[in-house]
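Quick note: numbers below take in every heavy atom, side chains included, and nothing from hydrogens, waters or symmetry partners.
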There are 2 protein chains.
Amino acid sequence: MTTIKDVAREVGVHPSTVSRALDPARRGRIGEPVVRRILEAAERLGYRPDTVAASLRSGRSNMVGIIVPDIANPVFSPIIGGLEDVLSARGYALIVADPQPQRTGTDDIVQRLVARRVDGLVLANVALKDNSIERCLSWKVPVVLVNRAEAEARVPSVVSDDVAGMRLAVAHLLELGHRHILHLAGPQMLSTGSLRRRGFVEAMHEAGFAPADNDIEEAEAFTREAGRAAALRLLARQPEATAIVAANDLLALGIYEALRETGRRCPEDLSVIGHNDMPLVDLVDPPLSTIRISHREMGEQTGQLLLDLIEGVRGDARYVVTAPLLIVRRSTQPPRISR
Amino acid sequence: MTTIKDVAREVGVHPSTVSRALDPARRGRIGEPVVRRILEAAERLGYRPDTVAASLRSGRSNMVGIIVPDIANPVFSPIIGGLEDVLSARGYALIVADPQPQRTGTDDIVQRLVARRVDGLVLANVALKDNSIERCLSWKVPVVLVNRAEAEARVPSVVSDDVAGMRLAVAHLLELGHRHILHLAGPQMLSTGSLRRRGFVEAMHEAGFAPADNDIEEAEAFTREAGRAAALRLLARQPEATAIVAANDLLALGIYEALRETGRRCPEDLSVIGHNDMPLVDLVDPPLSTIRISHREMGEQTGQLLLDLIEGVRGDARYVVTAPLLIVRRSTQPPRISR
DNA sequence: ACATCTAGTGCAATCGATTGCGCAAGTCAA
DNA sequence: TTGACTTGCGCAATCGATTGCACTAGATGT
């Protein structure tokens with residue numbers, strides 16, 4: 001490994017001069033011909049700066065960490081992808097971490113990442129009240145929330161407009177002629193779960209159909225299995241409803257299973273609409289109507305926000321909400337003519 | 001930030017003593033009571049070791065990098081998940097990188113990761129002949145290939161038994177009574193593409209049905225769109241075939257689209273079988289018969305292999321191949337009675 | 001001609017932990 | 001009592017780059 005000293009010796013200057021010449025930002029202070037010779041020598045010797053050493057001295061690691069609840073979740077991978085894109089373009093590396101349920105002792109992931117001197121952190125898994133945020137705050141490490149927000153808005157976040165998304169969904173069903181609409185809600189400790197529920201309730205209210213508590217059922221988690229179980233409960237309670245809006249696509253697919261098991265057909269007997277438009281839901285049977293969220297774009301925005309925070313640019317758009325889009329496929333249709 | 005010196009001063013010993021006392025491996029050389037006092041002081045002061053400084057001196061970074069072609073690809077996320085699991089359990093962090101098509105100049109990702117002093121590298125994107133492997137080799141950084149292997153086996157790899165998988169697929173169709181079976185192959189520069197093609201050809205041969213070149217069509221990429229296009233070509237050429245085996249699920253879904261466009265039904269007119277068993281293919285219409293590969297497990301194995309390599313344990317299982325499993329759903333059925 | 005800048009480099013400290021080597025005190029055998 | 005070890009810990013160098021400060025020339029101002 002050739003170091004900065006080797007280059008310095010080769011050119012006959014001091015290491016510090018090499019350091020400056022190599023950094024475009026500070027190159028200005030160095031004479032033009034010297035810079036040229038240094039660049040040439042560095043190239044010739046195959047010099048690669050040691051990021052670790054630089055980090056130690058400068059205090060910046062050029063790394064950011066992201067904490068996701070489940071990497072395999074199709075919602076998070078595009079977020080990671082978008083994030084990685086903008087970060088690597090600016091020379092940052094992304095380290096992804098999965099909060100293992102119970103690892104040895106008190107060293108949780110946030111701490112581990114901070115010990116690695118990450119310059120910033122992205123949290124994709126916060127609950128409405130979440131203490132990892134406080135820890136980041138107390139350590140003064142820049143943080144951006146993505147996908148899910150917290151109850152108090154203490155740190156920047158990038159989320160979809162969940163309430164607006166539910167408005168779109170409800171409006172679509174209303175327009176089709178549905179009147180008795182149910183909601184399969186997600187976990188209420190998550191912003192996505194609670195905001196979407198609120199969106200549903202508000203939209204129904206405004207249309208003059210105040211939903212009863214009985215019209216809403218909460219799933220234990222954002223999974224197919226939890227969706228199936230909750231749908232079974234909900235359908236048993238409200239057999240004459242004509243449509244159901246799910247808090248996310250996985251839940252909607254769970255509803256599909258429940259419908260099959262109880263001998264109902266979608267959309268003939270019951271219209272179903274999801275949320276997220278994750279990959280492949282256009283190919284399920286029937287193709288799922290849903291609300292599209294551009295997760296990749298959210299990842300990119302998150303990267304921007306975080307970089308601004310790290311580099312001290314006071315971009316004032318601290319709370320980015322992206323606009324959802326209604327995607328109509330074949331799981332929704334007008335209700336059958338009721339007597 | 002409290003450093004090792006602070007702890008040393010607090011306890012009244014030398015920093016090096018603290019360093020040793022804190023490392024379980026070298027703790028033995030230090031007196032028991034001193035260790036206890038150091039541990040206590042470290043805890044009380046909230047000491048967190050600075051990973052960066054440790055890396056600089058020790059040469060180990062406790063980080064490994066993984067290079068994936070596309071994070072959003074549902075095949076890679078479980079691999080990353082499994083990998084991250086075993087790595088973080090051993091104190092390693094995982095940094096994921098996406099090879100941007102053309103970034104500035106010659107500093108490709110491999111170089112960038114090596115500059116970050118990663119202790120090892122996982123390549124999930126190698127082509128059959130790939131020069132990033134040579135670079136890793138020349139830099140002497142431990143490497144493990146996953147999902148796709150290279151032509152010459154110079155470095156350890158973890159892959160599914162693609163040939164065996166295709167045998168399962170072909171055997172299944174044969175057993176159903178199919179005789180004229182087509183293959184929608186993947187890119188032949190990738191091991192998955194070429195091995196699966198070979199598996200198909202071999203299995204057919206052994207059954208006594210030598211496939212003609214005309215029975216095989218190569219898709220440009222492992223995508224739905226490429227699958228659709230290739231399927232269109234293939235079906236135009238071989239209209240009387242009764243079954244088609246795709247080199248992967250995405251390709252199979254492309255076939256679905258092509259079938260719909262040409263007014264054929266699956267499985268009545270044509271049986272289709274995929275490969276990978278990626279999430280949600282059990283919900284498409286019709287539910288896809290396929291070959292299951294346990295990607296998460298592959299990720300875990302990859303992690304083990306890499307750790308062994310890094311830590312010098314000569315685990316001799318250098319080339320892990322996992323066994324594929326046939327999953328029969330509803331996209332395959334016996335062919336219609338031909339005249 | 002003299003004081004004042006300014007541009008271009010060199011010097012040396014520093015970041016925080018690791019580690020080879022050395023030294024002192026204690027143990028044990030002869 | 002002495003010599004050979006062992007145990008426990010301190011010393012100081014080191015990893016590779018960054019950075020505040022000092023210094024030297026030549027340029028500028030008056």
Side-chain angles (χ1 to χ4, degrees), chain A residues 1-39 41-42 45-63 91 111-112 114-119 139, chain B residues 1-39 41-42 45-63 91 111-112 114-119 139:
Chain A
M1 270 297 164
T2 99
T3 80
I4 212 172
K5 267 182 201 158
D6 301 324
V7 179
R9 193 178 322 117
E10 181 79 5
V11 180
V13 297
H14 194 270
S16 66
T17 306
V18 176
S19 172
R20 293 189 254 256
L22 256 26
D23 177 3
R26 291 173 310 160
R27 181 171 302 163
R29 322 297 285 153
I30 305 293
E32 152 66 12
V34 179
V35 169
R36 208 173 26 238
R37 280 164 56 215
I38 290 179
L39 255 32
L45 298 183
Y47 168 76
R48 297 290 148 195
D50 184 318
T51 324
V52 172
S55 296
L56 178 57
R57 174 63 226 238
S58 67
R60 295 170 253 112
S61 63
N62 285 322
M63 299 191 306
Q111 263 184 6
R112 289 168 68 141
V114 170
R116 282 216 143 72
R117 296 292 185 269
V118 292
D119 293 333
W139 277 320
Chain B
M1 270 297 160
T2 99
T3 80
I4 212 173
K5 267 183 201 156
D6 301 325
V7 178
R9 193 178 319 117
E10 181 80 3
V11 179
V13 297
H14 195 268
S16 65
T17 305
V18 176
S19 172
R20 292 188 256 256
L22 256 26
D23 177 4
R26 291 174 308 161
R27 181 172 302 162
R29 321 297 288 151
I30 305 293
E32 154 66 11
V34 178
V35 169
R36 210 176 22 239
R37 280 163 55 215
I38 290 179
L39 256 33
L45 299 183
Y47 168 75
R48 296 291 148 195
D50 183 318
T51 326
V52 172
S55 297
L56 177 57
R57 173 63 225 240
S58 68
R60 294 168 254 113
S61 65
N62 286 321
M63 300 192 306
Q111 262 184 7
R112 290 166 68 139
V114 171
R116 280 215 146 73
R117 295 290 185 269
V118 292
D119 293 333
W139 277 321

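Counting any heavy atom pair closer than 4.0 Å across all strands shown, Val34(B) reaches sugar-phosphate atoms only and no base atom.
An OP1 or OP2 oxygen of dT19(C) is reached within less than 4.0 angstrom by a side-chain nitrogen or oxygen of Arg26(B).
If you measure from atom CZ of Arg57(B) to atom C1' of dG16(C), you get 12 Å, rounded to the nearest angstrom. When the C1' atom of dA17(D) is taken as reference, atom NE2 of His14(A) falls 12 Å away, rounded to whole Å. As a whole-Å value, the separation of Asp50(B) CG from dC15(C) P is 12 Å. dT6(D) atom C1' lies 14 Å from atom CD1 of Ile30(B), rounded to whole Å. For the pair Asn62(B) CG and dG16(C) P, the computed distance is 19 Å after rounding to whole Å. The separation between Lys5(B) atom NZ and dA13(C) atom C1' is 11 Å, rounded to whole Å. We find that CZ of Arg117(B) is positioned 8 Å from P of dA17(D), with the value rounded to whole Å. Straight-line distance from the CZ atom of Arg29(A) to the P atom of dT6(C): 11 Å, rounded to whole Å.
To the nearest 0.5 Å, atoms CZ (Arg116(A)) and OG (Ser55(B)) are separated by 7.0 Å. Put simply, OG1 on Thr51(B) and CG on Leu56(A) are 11.5 Å apart, with the number rounded to the nearest 0.5 Å.
Residue-to-nucleotide proximity on DNA chain D shows that, of Leu56(B) and Val13(B), the 5′-proximal contact is made by Val13(B). In this structure, Gly12(A) and Ser55(B) both approach DNA chain C, and ranking their closest nucleotides by distance from the 5' end singles out Gly12(A).
A side-chain donor-acceptor contact under 3.5 Å links Asp6(A) to the backbone of Thr3(A). Judged by distance alone, with hydrogens and angles left aside, the side-chain atoms of Thr17(A) form no donor-acceptor pair with the main-chain N or O of Val13(A) at under 3.5 Å.
For the contact set between residues 15-22 of chain A and DNA chain C, defined by any heavy atom under 4.0 Å, the members are Ser16(A), Thr17(A), Arg20(A).
The number of heavy-atom neighbours closer than 6.0 Å to CZ of Arg29(B), taken from other residues, nucleotides and ligands shown, is 12 or below.
Residues Leu45(B) and Glu10(B) have side chains in contact (heavy-atom distance under 4.5 Å, counting atoms from C-beta outward). Using a 4.5 Å cut-off on side-chain heavy atoms (C-beta onward), Arg20(A) and Ser16(A) make contact.
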